[in-house]
Structure formats: structure tokens, C-alpha cells
Amino acid sequence: MPTDKQFERLEQRRKTLQKEFDQLRARQNEASREIARLKKEGKSADKLLGEMQKVAERIKTLKAEQQEVEAELNTSQLFRPNTPHASVPKGKSSEDNRVERVWGEKPKFVFQAKDHVALGEALGILNFERAAKIAGARFAVLTGAGASLERALINFMLDLHTKEHGYTEVLPPFMVNADALTGTGQLPKFEGDLFKTTDGRYLVPTAEVPLTNLYRREILKEEDLPISLTAYTPCFRSEAGSYGKDVKGLIRQHQFNKVELVKFTTPEKSYEALEKLTADAEKVLQKLGLHYRVVTLCTADIGFAAAKTYDLEVWLPGQNAYREISSCSNCEDFQARRAGIRFRPKGGGPSTRPAGRGSLRASKPQFVHTLNGSGLAVGRTLIAILEQFQQKDGSVSVPKALQSSLGISKITL
RNA sequence: GGAGAGGUGGCCGAGUGGUUGAAGGCGCCAGUCUUGAAAACUGGAGUACCCUUACGGGUACCGUGAGUUCGAAUCUCACCCUCUCCGCCA
């Protein structure tokens, strides 16, 4: 990967090449007109033609060089991670993440708390062996109340975000092309984390990819911002390199359900929007009555595309630990640059050229800021419900918010 | 899977290898007129990069990429996408 200095040098080289290229093309365009004129007048253009042949050759080599430099510049850009925001704590590991707040309390059990695997298997709503039989490791089968609960959670989250938080529901394709994944930052660096189809497409690792890329190569109107979208999709991850990590249970699967939140804002409003988006995700946990905490990821733990990330960590009694259930990030213009998502500032924005007589010039397009967050990871929400709401007899009480849609108040044998 | 048609500016739509960034229409913006509005008229209006303090100038872009040519929206090839018909299918 090139250093800043190498990058500078490449950029300088690109400019030099373009300067010569542009000059020669100007000369060529001029000569072309001249040749056309001479021919029309019935005069010979042989001399010019001869000269231009050489110019054409030079232009060809220049173009090739230019493309080479641009390709180099381009890839070096694509592998460069986002720069963390000033408020992001510096750190060496997830130990250095900063706890922002805690909601609710750890449930106290007068009995030995079980984990969701024991609970779910005993209740007959979770099965990993049969999943392995039909798909392999890191898959699960939900049955009966387990399947209904998963479905109820999806609906609950979507309803909350659309009806109370103002998001527009989207149902995107579950497969995307390489351009989309490059736009959000999964490609080219993290190809190994993805499932690729035989025709060169990829299964979505998160709805962030199709949602954010909805406006790829578009110039939006400032009046239309902010845009808030939510979508349910399954998410597919190869989990390469996570061998031996979270091998048991629903925590880490090749396929899981998630309701995602995505926002497009102006640069001025994006940090405000991050707080709001995070609060929207938290609201799901609050309504369900699940104890959790919010942490700010430190520089060591933050993702490739994010400038700042809040993780929501739900309490899992079965693991005696807080585990990530949502990750809410402001990517600033990182993804917008890659995906070419811009907006045209209304009125007083900086203009390309001065206003002509009697008419206002449109202001120059700027990159939007993009945000995304889980609202929430459905499978992990199900884990939290099983573990936090387990009863001594092995049954699980259903959160009030889900009782009417699920039609039961308790999951029993 | 088979057969065919097509991809041009915000939209519709013309386009002969040579002032075509691209006719015309619609829409849009500003102005004139009007008490106001409409109509009419006049003017403006794409994106990116490079040079310039600025004024301004240059280059590229007609689905994408390559080729032919002094010169390509226009010719050739490959790919992508859209549409129609047939077959198959939830």
C-alpha cells in the first residue's frame, strides 16, 4: 500500500500526464478542423496528416500511461480506511472502547441461568444438529414459537422504525454486484468475508450494502435530505478466519436476520443524525425490556468505513457478558466518495461559476454523509430474550411488546 | 434457454465520420410584460479533471470497455442493461 508521499508523487505524475495529454488533444482537435476545411476547399492536407499521425501515436502512449497511474491511484484509495472522528478514543483493543451509558439492570436469577442453546433446544424451538445436516456448521433451524418469535421481532422492529421513527421501509435484492460492495467498502479488501455466487454476484452481508448504494452515482436535492431507510434482509457472512470463535449457538452464523437503518444527510447534520439513529436502535431494546449498554468503539476496534461507531451491547446471562447486538456508524463521506452519492446544496452553496446576468447558477454538488446501524440483529435479539427472560422451569416469558402479535405470553414446552 | 428491438443531456427525441456538449420539444430557473397569475417573449441551465489570484481557457464524457481513423455519438468487436415474442418456472 502506498504511503502518503508515494500517493503525492502519483498524483503529481497524473497531473503532468494529463497536462501533456490535454495539450496534444487540443492540437489534434484544431488540426482536425483544419483538415476538414482544407478538404472542403479541395486542397491537400497531406502535410498536416503526416504530422498528426505522430501526435496520435504520442496520445495513445500517454493515455495508456495515464490509465496505469490512475488505476494505481484508485486501488491505493480503495484500500485506505476511513479516518476516525476526533471524539473516538484511541486504543489497542476492544478493552479500550468507552462505555457511554447503561440501560436497565442485569436480571437476577435465583437459579443457575442457562444459555440460549440449552433453553432453545429444551423447548424444541432451536435445532443445530438438523441445521448441520442440511446446511453445515454455523446454521440453525428455528421451529414453532422460535420461528414465530423471530418473525415477530422483524415485524416489531420494522413497525417501530417506520411508524415512530420516520424511516421508509425498503425490500432490496439479497444479492448485489461488486460495484455496490466497493461503494460501501466491503470490496476490494474484504472479499474473503463474502459469499460469492457462480455468476459473480455476492450475497448481501448486510442491508447496508443495497440501501446505501440505492443512490450510487446520483446527485440528490438538499431538500430531500435527510433520507432515512430501513430494511429487513437476511445477512450472509463466510466468517472466514473466525474458526473456534463463538462456535456454539446463534451468536455467529453464516446466515442471520437483521433490520438495518440507513441515513443520508448533509455533512453538518451527520453527527446529530448518528445520535438519533443510535437512539432509534436503542428504542428496540428498551421496548423489549432488554438490559444493554452503549460503547464508543476505539480506534483499534472501529470498522474500515466508519468515522465513529457506537455499539449497543446486550447483556447475555448465559455468557455472563455484554455482546454486540447493534453497530451504529457515521461513515461521513467515505462511502459517498466511493459510491458517488452527492447532493446539490440549495441557495447559498459555493457555486461553480459566478451568477450570470439575471440568473442564478446552481451550486456545486457535495458528497453526502452516510450512516448505518443495526436496528437490530434479530438472531441476537432472540438470544437475549431467551437468556434474560428465562424462568426457573425453563420456560421463557415473552416481552409485553410482542405478546399481542405472537399471541402468547410465555414459551413453554 | 431461443428469436428480435433498443440504450443520446432532468424527460421525450433528432443525429450525414469533420465548429455536435450535441437540433427540436417538454419540464426547470431568472427576467420583461401584468394589479397578481397564466400566456407570450428574452436569457440561462450537465458532470469531472487540468491551467489561472481572478477574468477566463483547455480536455474528457452520447450504456461500459477496446479497436479502426489525422478526426468517432456516428464504423468494428466484446461486455452490461432495458424492452417485445416464444419456451420454462414461483
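Proteins come first, then strands; the chains are lettered A, B, ... in the order of their sequence lines, and each starts at number 1. Keep in mind that the numbers below use all heavy atoms, side chains included, and drop hydrogens, waters and symmetry copies.
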Rounded interatomic separation in angstrom, taking [atom1] from [X] and [atom2] from [N]:
| X | N | atom1 | atom2 | result |
| --- | --- | --- | --- | --- |
| Gln23(A) | rA60(B) | CD | P | 13 Å |
| Arg217(A) | rG46(B) | CZ | C1' | 15 Å |
| Gln18(A) | rC51(B) | CD | C1' | 10 Å |
| Glu223(A) | rC28(B) | CD | P | 15 Å |
| Glu70(A) | rC61(B) | CD | C1' | 13 Å |
| Glu11(A) | rC49(B) | CD | P | 10 Å |
| Glu30(A) | rG57(B) | CD | P | 16 Å |
| Asp199(A) | rC80(B) | CG | P | 11 Å |

Check this for me: does any side-chain nitrogen of one of [X] and [Y] sit under 4.0 Å from a carboxylate oxygen of the other?
| X | Y | value |
| --- | --- | --- |
| Arg27(A) | Glu30(A) | yes |
| Glu8(A) | Lys5(A) | no |
| Glu239(A) | Lys245(A) | no |

Paired nucleotide for [N] [Watson-Crick or G-U wobble; both distances under 3.5 Å]:
| N | result |
| --- | --- |
| rA54(B) | none |
| rU16(B) | none |
| rC88(B) | none |
| rA37(B) | none |
| rG10(B) | rC26(B) |
| rA78(B) | rU64(B) |
| rG4(B) | rC83(B) |
| rG21(B) | none |

Task: Any Lys258(A) side-chain heavy atom under 4.5 Å of Thr206(A) side chain - done: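 A side-chain contact exists here, since the closest heavy-atom pair is under 4.5 Å.
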Task: Heavy-atom side-chain proximity of Arg337(A) to Gln77(A) below 4.5 angstrom - done: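 No, side chains not in contact.
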Open item on the list: Counting only heavy atoms from other residues, nucleotides and ligands, does the tally under 6.0 Å from CD of Glu223(A) exceed 12?
Closed with: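 Yes, the 6.0 Å shell around CD holds more than 12 heavy atoms from other groups.
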TODO: Using a cut-off of 6.0 Å, state whether more than 12 heavy atoms not belonging to Arg130(A) lie near its atom CZ.
DONE: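 No.
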Task: Closest-nucleotide ordering on RNA chain B, the 5'-leading residue of Lys15(A) and Arg201(A) - done: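 The residue mapped nearer the 5' terminus is Lys15(A).
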Task: Closest-nucleotide 5' rank along RNA chain B - winner of Arg37(A) and Asp22(A) - done: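 Looking at RNA chain B, the more 5' nearest nucleotide goes with Arg37(A).
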If we take the [atom1] atom in both [N] and [M], what is their distance in whole Å?
| N | M | atom1 | value |
| --- | --- | --- | --- |
| rG21(B) | rU47(B) | C1' | 11 Å |
| rG57(B) | rC62(B) | C1' | 24 Å |
| rC12(B) | rA23(B) | C1' | 14 Å |
| rU19(B) | rA72(B) | C1' | 16 Å |
| rA45(B) | rC50(B) | P | 23 Å |
| rU8(B) | rG63(B) | P | 7 Å |
| rG36(B) | rU32(B) | C1' | 16 Å |
| rG17(B) | rA22(B) | C1' | 15 Å |

- [ ] Heavy atoms under 4.0 Å is the rule here; annotate nucleotides 66-73 of chain B 5' to 3' with B where the base is hit, S where only the sugar-phosphate is, and - elsewhere.
- [x] S-S-BS--
Task: Residue-phosphate contact under 4.0 Å: Arg27(A) side-chain N/O, rG58(B) OP1/OP2 - done: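 The answer is no; no side-chain N or O of Arg27(A) sits under 4.0 Å from OP1 or OP2.
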- [ ] Please round to the nearest 0.5 Å and tell me the distance separating atom CG of Asn213(A) and atom CZ of Arg338(A).
- [x]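 One gets 11.0 Å once the value is rounded to the nearest 0.5 Å.
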Open item on the list: With ring-ring contact (aromatic ring centres under 6.0 Å, His included) as the criterion, how do Phe334(A) and Phe304(A) come out once you've worked through the C-alpha distance, each side chain's angles and the decisive distance to 0.1 Å?
Closed with: CA-CA 10 Å; Phe334(A) 181 85; Phe304(A) 182 74; 5.6 Å; yes
TODO: Go through rG18(B), rU47(B), rC51(B) for me and flag the one nearest to the Ala36(A) side chain.
DONE: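 Nearest listed nucleotide: rG18(B).
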